[in-house]
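Just so it is clear: chains get the letters A, B, ... in the order the sequence lines come, proteins before strands, and each one is counted from 1.
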Protein chains: 2
Amino acid sequence: MTEPLDPDMFDPLCPSGLMPIRLGDKWSGMIIRCLEQGPRRFSELRVPLRGISAKVLTQSLRALERDGFVLRTAHSGPVQRVEYALTPLGRSLIEPLNTMCAWAEEHWEELLDAREA
Amino acid sequence: MTEPLDPDMFDPLCPSGLMPIRLGDKWSGMIIRCLEQGPRRFSELRVPLRGISAKVLTQSLRALERDGFVLRTAHSGPVQRVEYALTPLGRSLIEPLNTMCAWAEEHWEELLDAREA
DNA sequence: CTGTATCCTCCAAGATACTG
DNA sequence: CAGTATCTTGGAGGATACAG
């Protein structure tokens, strides 16, 4: 491991390098998982993501939208109603996300044990 | 999605919640991938991880060690020589990591396109 | 070679208040 | 309801110098 990896993780355009940009933050992964079962409204997302501030949720959602993971739809009407849904690209992330979570469920006891020692 | 997820992502002990702790940072995932092919020395790791400072590499390695992903071995001798290797737990992360990277390789064109628009 | 010790900067995230 | 506008802060990450 003295040579750059293939693909080079530090190429600014490298896939691996892109991941942290949007999934390395605190909320993106969780938001995507919250949208797995179908579109949700802004305030519906705040419930399972307890603790998230409106500002941060807005920021995260905007970023996910910009990157094509999420689609924002504002329904006009007497009461304001905005829905967020996964795009096909966003849905394609569900599987790798689940792989990670499956790993965590399978190994977190070990992790806790290691941390104590 | 108005109910807590199952498992609840915000349980302090939840697997999903644990992930960002060690893999959400900038370097942990990459370090683990750098150790995939076998043990590496401190300075060998700095090459592919170009740009990482000694301080940050040390911090990351210590954390990975504490969590049981990496094993540190100091070989005594005339010249100091320290090797880092994946533990079985660390190796078990390779697959989910590769799943993520495979996703990225497959979709980053879409991601770039979305970002331009 | 393998780190420590300092100092510094930046920014994600949170708190709070306010708006159409 | 779905956000914006400000202000603040903790801590990750980096630069540099030094040490065993």
(request) Please tell me which of the listed nucleotides, D/dG13, C/dG14, D/dG3, lies nearest to the side chain of A/S53? (result) C/dG14
(message) Just N and O in the side chain of B/R81: are any of them under 4.0 Å from OP1 or OP2 of C/dT2?
(response) no
(message) Strictly below 4.0 Å, N to O, side chains only: are A/R46 and A/E44 in salt-bridge contact?
(response) no
(request) Round to a whole Å and report the spacing from CD of B/E83 to C1' of C/dC1. (result) 13 Å
(request) Please tell me which of the listed nucleotides, C/dG14, C/dC1, C/dG3, lies nearest to the side chain of B/A54? (result) C/dG3
(request) Please state how far atom CG in A/L57 lies from atom P in C/dA15, giving the value in whole angstrom units. (result) 14 Å
(request) Go through the N and O atoms of the side chain of B/K55 and the base of C/dG3, and report whether any donor-acceptor pair is under 3.5 Å. (result) no
(request) Check whether any side-chain nitrogen or oxygen of B/R62 sits under 4.0 Å from OP1 or OP2 of C/dT4, and answer yes or no. (result) yes
(request) Indicate whether OP1 or OP2 belonging to D/dA2 is found under 4.0 Å from a side-chain N or O atom of A/S43. (result) yes
(message) Let's see if you can work this out: which of D/dG20, C/dG3, D/dC1 has an atom nearest to the side-chain heavy atoms of B/V82?
(response) C/dG3
(request) Using whole Å, report how far CD of B/Q59 lies from C1' of D/dA15. (result) 13 Å
(message) Rounding to an integer number of Å, can you tell me how far B/H75 NE2 sits from C/dG3 P?
(response) 11 Å
(message) Would you say A/R41 places a side-chain N or O within less than 4.0 Å of OP1 or OP2 belonging to D/dC1?
(response) no
(message) To the nearest 0.5 Å, what is the distance between OH on A/Y84 and CD on A/E65?
(response) 7.0 Å
(message) Working to the nearest 0.5 angstrom, can you tell me the gap between B/M100 CE and B/L97 CG?
(response) 9.0 Å
(request) Return the value, rounded to whole Å, for the distance between atom CD of B/E65 and atom C1' of C/dT2. (result) 14 Å
(message) Strictly below 4.0 Å: does A/R72 bring a side-chain N or O up to OP1 or OP2 of D/dG3?
(response) yes
(request) Round to the nearest Å and state the distance from B/K26 atom NZ to C/dC10 atom P. (result) 14 Å
(message) Between P on C/dT2 and CZ on B/F42, what's the gap in Å once rounded to a whole number?
(response) 7 Å
(message) Counting only side-chain nitrogens and oxygens, does B/R40 get under 4.0 Å of the OP1 or OP2 atom of C/dT2?
(response) no
(message) Could you measure the distance from the CZ atom of A/R33 to the OG atom of A/S28? Nearest 0.5 Å is fine.
(response) 14.0 Å
(request) Please check the phosphate of C/dC1 (OP1 and OP2 only) for any side-chain N or O of B/R46 closer than 4.0 Å. (result) no
(message) Under 4.5 Å between side-chain heavy atoms, counting indirect links through other Ile/Leu/Val/Met/Phe/Trp/Tyr residues: same cluster for A/I94 and B/L111 or not?
(response) yes
(request) Find the distance B/L45:CG to C/dG3:P and express it as a whole number of Å. (result) 10 Å
